[in-house]
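As structure tokens, the structure follows; a few thoughts come after it.
A, B, ... follow the sequence lines: proteins, then strands. Residue 1 opens every chain. All heavy atoms count here, side chains included; hydrogens, waters and symmetry mates do not.
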Amino acid sequence: MSQINIRFPDQSVKTFEKGTTPLAIAQSISRGLAEKCVVADVNGKQVDLTTPINEDASIKLLTTDTPEGMQVFWHSSAHVMAQAVKRLWPEAKFEDGPPTEAGFFYDIFLPRAISQEDFPKIEAEMEKIAKEKLSYSRKELSRSEAMEFFKSIGQDFKLDIIQNIPDGQTISSYTQGEFTDLCRGPHIPHTGLIKAFKVMSVAGAFYKGDENNIQLQRLRAISFPSKKQLDEYLTMLEEAKRRDHRKLGKELELFLITPAIGGGLPVWLPNGTVLRRTLENFIKEELIKRGYQEVITPHIGNLNLYKTSGHYPYYSDSQFAPIKVEDEEYLLKPMNCPHHHQIYSSKPHSYRDLPIRLAEFGTVYRYEQSGELTGLSRVRGFTQDDAHIYCRHDQLKDELVNAVELTQLVFKTFGMDVTTRLSFRDPQNAEKFAGSPEMWEQAQREIKEVADSMNLIYQIGIGEASFYGPKIDFIVKDALGRKWQLGTVQVDYVMPERFELEYIGADNQKHRPVIIHRAPFGSMERFLSILIEHYAGNFPTWIAPIQVAILPIADGHVAYGEQLKTRFESEKIRSSVDARNEKIGYKIREAEMKKIPYILVIGDKEVADTKVAVRRHGKGDQGAVTLENFIKDIREKIETKSQD
RNA sequence: GCUGGUGUAGCUCAGCUGGUAGAGCAACUGACUUGUAAUCAGUAGGUCGACGGUUCAAUUCCGCCCACCAGCUCCA
């Protein structure tokens, strides 16, 4: 009997009999590993634990403690859910059921609408299937066998998938119990490993992601190898919901969205306005340092402007209808750029003038579909911290670097995790993108060179470019794990042509400038939504709407409290006095719930010594300090933009 | 826009199978003059999202619309 060498991740090598399986190898190491192990990585390819190994190999045993293991675990769970649905409603037809970042879903065609009342039934059936400890058995099929089989069980969507599998790729099915699904695998050894299920939601999903197709029912669920892990996950979800900016926005009186004004048209309340203005002032200071000039442009513009730019034809279905005034038509501005281009072209420019950097907090209006509106994250009126940099081609890279650095400064200042995407055009979908293929190749190459020179870690998003050029996009996740694009830096060779922008070069000839569009925050509204969730409403002192709550213990201390407030005003410290006739515990509770960073309790002792008793939000009593020391400390926190 | 769900006082929520609504907190009034997360008592507050229908009677049943929530599609 021949032997083979198996190499482990720690580089140790052990000898096994030829034809051994990852499961047997796991069992030879420890029983615990064998029980937790769900799939194996053999020579870089994931396989079932029961797959025989017939030659020397490197192996990695993946347990449910690894992200890869959980992906397989959830994928296998999706099959269990499909089986459960099939048992409950035999007429169900299945499309696709992949794992996700948290759990899995299956797209199902079923004439009957699945509702929340059905979830417990589905979960119960899934638990039954788990208890049956059905093993997943793999079978490889020819295309015709696969077509014949899935036709015989009426799974029409699978036929379509089979037809789209490229030649030469193995077609396989997995069977557990009476249920067989088309699947490339791999899978966990048996359904008994899945100990806890929770069906989360059902929603429509267009077949193949095309809104002209029928809608399937997307059943989302999550599963775990233990009940405890499920409970922890559900608790984590509850925590996340508490950070939701829509909830905190109401509780902390930051903003208001009311049908009386209109969906997706947020109103900034006094507290939220402080927050937003503080961020705007922060960026304005940076713009001054970096040679930007501020401009202001109107909220509407002649429709012809947007016909020239191409925004109107490209996005006419997501703009508010034009307004007719006398014989002209005007559009609520969906973008600031055409206005800025008019500023550029209002006078001739020398190559010596460039770059020209025009910045504006410009409010734009877009008709977003009603189903898309989400708090401050997706709205119909929002303000971009926009700027357009008109530069010579030899200045482009430096200007791009500068713009990316500014964006990075923003995220660093707030300690936010961000991922970077280079958004390129999709050559398969060329009609969506203006300009020549050569222009696109050049602009994309330039963006990539800048990203590489700055050692950015990025993904490339094909088809994510804007119609006039590629972008470097900065993407963050909200409390519920949804991804949103915030900052963006874009290269544009199209608009200079369309608006016939030019400068006179050293050669006394006319040249086209290149435009960089950039917005470090992106949309102030969306940025604030993420910021609120990032801090869970516990804002660092420098941006907190109210920085200091002054709490007099009794009526006799209110006058001193008012003196403190006046002093704080002169020091540019935002404070409020709670002069109500309430016990100190009550006032403290309220100030804590408002998440005010500093709480000052003042009574006889403080009045006598010109001191303040400091309590930090969430940290309790810090003891008394002199007023002057307190002011010095908090001013430092504000000036250094401390996270504290 | 599409699929499913939700809509009751300022906020958070209760209200079984139809008989015009209730709690806690907040607000207001009074008492208490208070030392680190809720003092006590009282008062007031609702076209039960809008409109239409069925019914002797609709917050409750039906229809249509609106808003919000989850997802899909879209996102300059």
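Here the side chains of A/R242 and A/L248 are not in contact, with every heavy-atom distance at 4.5 Å or above. A/M81 places a side-chain heavy atom less than 4.5 Å from the side chain of A/L219.
Within the 4.0 angstrom heavy-atom criterion, base atoms lie near A/R615. Residue contacts shown for A/G209 are limited to sugar-phosphate atoms, with no base heavy atom under 4.0 Å away. Using a 4.0 Å heavy-atom distance criterion, A/Q116 is classed as a sugar-phosphate-only contact. As judged by a 4.0 angstrom heavy-atom cut-off over every strand, A/R482 is placed among residues touching the sugar-phosphate backbone only. Contacts of A/R380 with the nucleic acid, taken as non-hydrogen atoms under 4.0 Å apart, are absent. Looking at heavy-atom distances under 4.0 Å, A/Q490 makes contact with sugar-phosphate atoms alone, never a base. A/S466 comes within 4.0 angstrom of the backbone, heavy atoms only, and of no base. Among the heavy atoms of the strands, none lies under 4.0 Å from A/D317. In this structure, A/R378 reaches the bases: a heavy-atom distance under 4.0 Å links it to at least one base atom across the strands shown. A/K619 comes within 4.0 angstrom of nothing in the nucleic acid, heavy atoms only. Using a 4.0 Å heavy-atom criterion, one finds that A/E464 contacts no nucleic acid atom at all. Counting any heavy atom pair closer than 4.0 Å across all strands shown, A/A613 reaches a base atom. Residue contacts shown for A/G585 are limited to sugar-phosphate atoms, with no base heavy atom under 4.0 Å away. Using a 4.0 Å heavy-atom distance criterion, A/E253 is classed as making no nucleic acid contact.
Atom name P, nucleotides B/U12 and B/C64: the rounded distance is 29 Å, in whole Å. Taking atom P on both B/C25 and B/U43, the two are 15 Å apart, rounded to the nearest angstrom. One P atom belongs to B/A21, the other to B/C66, and the distance between them is 30 Å to the nearest Å. Taking atom P on both nucleotides, B/G53 is separated from B/G46 by 26 Å, rounded to a whole Å.
Put simply, CD on A/E251 is 9 Å from C1' on B/C11, counting in whole angstrom units. In this structure, OH of A/Y106 is placed 20 Å from C1' of B/U3, rounded to the nearest angstrom. Counting to the nearest Å, the P atom of B/G35 and the CG atom of A/L551 are 13 Å from each other.
The number of heavy-atom neighbours closer than 6.0 Å to NZ of A/K121, taken from other residues, nucleotides and ligands shown, is above 12. Residue A/E253 places its CD atom among 12 or fewer non-hydrogen atoms of other residues, nucleotides or ligands, all under 6.0 Å distant.
In this structure, the ring of A/F94 has its center less than 6.0 angstrom from the ring center of A/Y106. Between A/F630 and A/Y598, the ring centre distance stays below 6.0 Å.
The aromatic ring of A/Y315 sits over the base of B/A76, with ring centres less than 5.5 Å apart and planes inclined by under 30°.
For B/U33, the OP1/OP2 oxygens have no side-chain nitrogen or oxygen of A/R580 closer than 4.0 Å. OP1 or OP2 of B/C69 lies within a sub-4.0 Å distance of a side-chain N or O belonging to A/R246. Between A/K587 and B/U39 there is no side-chain N or O to OP1 or OP2 distance below 4.0 Å. In terms of phosphate contacts, A/R242 brings no side-chain nitrogen or oxygen within less than 4.0 Å of OP1 or OP2 of B/U12. Put simply, A/Y367 has no side-chain N or O that comes within less than 4.0 Å of OP1 or OP2 on B/A76. When the side-chain nitrogen and oxygen atoms of A/K250 are compared with OP1 and OP2 of B/G10, none of them lie within a distance under 4.0 Å.
If you check the side chains of A/H340 and A/D386, you find no donor sitting under 3.5 Å from an acceptor.
In this structure, A/R526 and A/I114 both approach RNA chain B, and ranking their closest nucleotides by distance from the 5' end singles out A/I114. Mapping A/V601 and A/G371 onto RNA chain B by nearest heavy atom places A/G371 closer to the 5' end of the strand.
For A/S318 against B/A76, a side-chain N or O and a base N or O form a donor-acceptor pair under 3.5 Å.
Nucleotide B/G7 forms a pair with B/C66, judged by Watson-Crick or G-U wobble geometry with both contacts under 3.5 Å.
Comparing atom distances between the A/I588 side chain and each of B/A37, B/A38, B/G1 picks out B/A37 as nearest.
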